[in-house]
Amino acid sequence: MTSHAAFPFAHVPPHAGDPILSLMEAFQADPRPHKASLGIGIYMDDGGRLPCLESVRQAETRLAQDIQPRPYLPMEGLAAYRGAVQRLLFGADSEALQAGRIATVQTVGGTGALKLGADFLHRHFPAAGIWVSDPTWDNHHAIFGGAGVPVRTYPYYDASTGAVRFDAMLAALESLPPQSIVLLHASCHNPTGVDLSPAQWEQLIPVLQRRELLPFVDIAYQGFGAGLQDDAFAVRALAAAGLTFLVANSFSKNFSLYGERVGGLSVVCADRATADTVLGQLKSEVRGNYGTPPVHGARVVTQVLEDPELFALWTAETDAMRRRIRAMREQLHAVLHDTFGSRRSFAYLLTQRGMFSYTGLDPAQVDRLREDHGVYLIRSGRLCLTGLTTRNVAHVARCIAAVVER
């Protein structure tokens, strides 16, 4: 019998733990009645509950009335789902879609789409590095770095103004070598909530073309910024300009299907033949990773996106979620503005979009919020607006004011 000592794993270091999940564990253990969880990026309703959307409920009811076998899906995923994803992202009248220039695969959530794209790019562009915004979602670094893609940053957020450092961003991208990969947030930038305007996208696209850069667009919150169609502006503008690029999308937030892991990776190519070749290589990446995607979540999303009645209901539900997020921004701003007046501006709360806000709080202030008031943020100062409700928003605002004035 082989001795366990031959493989002791003694050299394996302990895992430090995910900072957001560790924060949630501390929140759950906190006995204070007025505690507030504003760390993890999950949409909650005004009752502080994870919603089950009515459009999803009706789609699942229909599926339950005609229960089907659950075979392995093709490596690229459910065909109807892939087509629905393309129409939602690019628009049904997209020239790229009609010309067959888009290769789309169903993925294990948006994170799986990013990982699949990272592996694909590293395999076929091994010398290319990726540039991500400063700051960006922490997992972008882990995903691309873990795939062997060197990760660097370009200027993005200006803490002094709460806006995009757009001139610095353009200058940095102008200096990149050709075939560099540039990760771009389509809308609802995570973690800052600060988005490029349509006019800025129109200025950015020629730079990407001229420098022969490869955009990789992350769109995880479609519908939470300005609406389902407007939030896809960047994707559609890049396609209309004739660029080759990748898009990772997720239905976790806007369908409230977190545990179903429903996402997609799309690659826009120069022509149909190239798209077919790329699709084959993406299937190869899937085969060497998880083999085939899950069935149920894709069927639910397809039901909603393909049925006009359910699609209209889902659109109304995403509109309502977006309005709730906006209302929390406005109420948080109102209390802080009444407290500070002209001494300190919180106007950035009103110009940022989506679930997140960069509050400007430093790590020490975040620690005091948690320790003294039971208000939980991650240490970057990023606040998740959907942890606010009409019952706790004024209390949270007063707690923020207390640590800012201390």
Side-chain angles (χ1 to χ4, degrees), residues 74-77 79 81-107 110 112-132 144 147-149 154 170 173-186 196 198 200-219 222 232-249 263-287:
M75 287 177 282
E76 66 271 28
Y81 171 85
R82 294 165 51 231
V85 166
Q86 290 180 346
R87 288 185 289 276
L88 179 68
L89 291 177
F90 297 93
D93 59 349
S94 165
E95 180 278 329
L97 189 156
Q98 293 176 357
R101 297 194 293 110
I102 307 173
T104 297
V105 294
Q106 178 187 336
T107 60
L114 290 165
K115 171 60 173 167
L116 190 68
D119 289 341
F120 168 78
L121 291 172
H122 184 56
R123 183 181 302 275
H124 298 285
F125 301 90
I130 189 167
W131 274 257
V132 302
F144 287 94
V149 181
Y154 58 82
L170 287 185
L173 298 187
E174 286 275 16
S175 71
L176 299 188
Q179 292 197 340
S180 296
I181 308 159
V182 181
L183 186 80
L184 299 162
H185 299 237
L196 297 179
Q200 288 171 326
W201 278 106
E202 297 289 0
Q203 288 181 259
L204 173 63
I205 288 172
V207 175
L208 300 171
Q209 289 176 308
R210 183 169 59 253
R211 296 300 305 166
E212 299 179 16
L213 305 177
L214 179 61
F216 195 145
V217 181
D218 190 354
I219 179 166
Q222 188 175 359
F233 175 86
V235 173
R236 298 177 185 187
L238 287 164
L243 273 77
T244 295
F245 65 102
L246 294 83
V247 185
N249 76 284
L265 176 67
S266 298
V267 184
V268 181
C269 304
D271 51 54
R272 182 187 294 270
T274 305
D276 290 343
T277 299
V278 167
L279 181 61
Q281 289 299 325
L282 292 176
K283 290 163 63 174
S284 176
E285 294 291 346
V286 170
R287 177 62 175 166

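Residue numbers run from 1 in the order of the sequence given.
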(request) Using a 4.5 Å cut-off on heavy atoms from C-beta on, say whether the side chain of Phe120 contacts that of Val278. (result) yes

(request) Could I get the full list of side-chain hydrogen bond (donor to acceptor under 3.5 Å, both in side chains) partners for Thr274, not counting sequence neighbours? (result) Asp271

(request) Specify the closest pair of heavy atoms between Ala118 and Ala147, including all atoms of both residues, with the distance to one decimal. (result) CB-CB, 3.7 Å

(request) Work out which heavy atom in Ala128 is nearest to a heavy atom in Ile181; give both atom names and the distance. (result) CB-CD1, 4.0 Å

(request) Examine distances only and state if a side-chain atom of Thr277 and a backbone atom of Ala273 form a donor-acceptor pair shorter than 3.5 Å. (result) yes

(message) Using the ring centroid of each side chain, check whether Phe144 and Phe216 are separated by less than 6.0 Å.
(response) yes

(request) Please check if the side chain of Arg101 supplies one atom and the backbone of Val268 the other of a donor-acceptor pair under 3.5 Å. (result) no

(request) Please step through side-chain contact (heavy atoms from CB on, under 4.5 Å) for the pair Leu214 and Thr244, ending with a clear verdict. (result) CA-CA 7 Å; Leu214 179 61; Thr244 295; 4.1 Å; yes

(message) Measuring only between side-chain heavy atoms, which start at C-beta, is Val182 closer than 4.5 Å to Pro215?
(response) no

(message) Taking side-chain hydrogen bond (donor to acceptor under 3.5 Å, both in side chains) as the definition, give me every residue that meets it alongside Thr107, ordered by chain and number, with sequence neighbours left out.
(response) none

(message) Quick check: do Leu183 and Trp131 have side-chain heavy atoms less than 4.5 Å from each other?
(response) no

(message) Taking side-chain contact (heavy atoms from CB on, under 4.5 Å) as the criterion, tell me which of Leu116, Leu246, Ile130, Val267 meets it with Leu121.
(response) Leu246

(message) Please give me the minimum heavy-atom distance between Ser266 and Val85, naming the atom from each residue.
(response) OG-CG1, 4.5 Å

(request) Using the test side-chain contact (heavy atoms from CB on, under 4.5 Å), find all partners of Ser94 that sit at least two apart in sequence or belong to another chain. (result) Phe90, Ala96, Leu97

(request) Using a 4.5 Å cut-off on heavy atoms from C-beta on, say whether the side chain of Trp201 contacts that of Leu184. (result) yes

(message) I need the Cys269 SG to Phe245 CZ distance, nearest 0.5 Å.
(response) 10.0 Å

(message) For Arg123, is there an ion pair with Asp119 - N to carboxylate O distance below 4.0 angstrom?
(response) no

(message) Any heavy-atom pair between the side chains of Glu76 and Leu279 that's under 4.5 Å?
(response) yes

(message) Are the side chains of Leu213 and Leu173 in contact, using a 4.5 Å heavy-atom criterion?
(response) yes

(message) Once salt bridge (Lys or Arg N to Asp or Glu O under 4.0 Å) is applied, what residue pairs with a partner in residues 204-217 remain, sequence neighbours excluded?
(response) Glu174-Arg210

(request) Could you tell me which residues satisfy side-chain hydrogen bond (donor to acceptor under 3.5 Å, both in side chains) with Gln179, sequence neighbours excluded, listed by chain and number? (result) none

(request) Calculate, to the nearest 0.5 Å, the distance between atoms CD and CD belonging to Gln86 and Gln98 respectively. (result) 11.5 Å

(message) Testing the basics here: between Gln203 and Val207, what is the closest heavy-atom pair and its distance to 0.1 Å?
(response) O-CG2, 3.7 Å

(message) Return the CD to CD distance between Gln281 and Glu285, rounded to the nearest 0.5 Å.
(response) 7.5 Å

(message) When you compare the side chain of Gln222 with that of Leu88, does any pair of heavy atoms fall below 4.5 Å?
(response) yes

(request) Keeping to residues at least two apart or across chains, list the salt bridge (Lys or Arg N to Asp or Glu O under 4.0 Å) pairs with something in residues 175-185. (result) none

(request) Kindly write out the residues that satisfy side-chain hydrogen bond (donor to acceptor under 3.5 Å, both in side chains) with Asn249, not counting sequence neighbours, or none if the list is empty. (result) none

(message) Restricting to non-hydrogen atoms, name the atom on Val149 and the atom on His122 that form the minimum distance, rounded to 0.1 Å.
(response) CG2-CB, 3.8 Å

(message) Checking Phe233 now: which residues fulfil ring pair (Phe, Tyr, Trp, His ring centres under 6.0 Å) with it, not counting sequence neighbours?
(response) none

(request) Compare every heavy atom of Ala248 with every heavy atom of Leu114, then report the nearest pair and how far apart it is. (result) CD2-CB, 3.8 Å

(message) Walk me through whether Val286 and Leu282 qualify under side-chain contact (heavy atoms from CB on, under 4.5 Å).
(response) CA-CA 6 Å; Val286 170; Leu282 292 176; 5.6 Å; no

(request) Write out all pairs satisfying salt bridge (Lys or Arg N to Asp or Glu O under 4.0 Å) with one or both partners inside residues 81-94, taking only residues at least two apart or from two chains. (result) Arg87-Glu306

(message) With heavy-atom distances below 4.5 Å as the criterion, would you say the side chains of Leu238 and Ile205 are in contact?
(response) yes

(request) Could I get the full list of side-chain contact (heavy atoms from CB on, under 4.5 Å) partners for Ala270, not counting sequence neighbours? (result) none

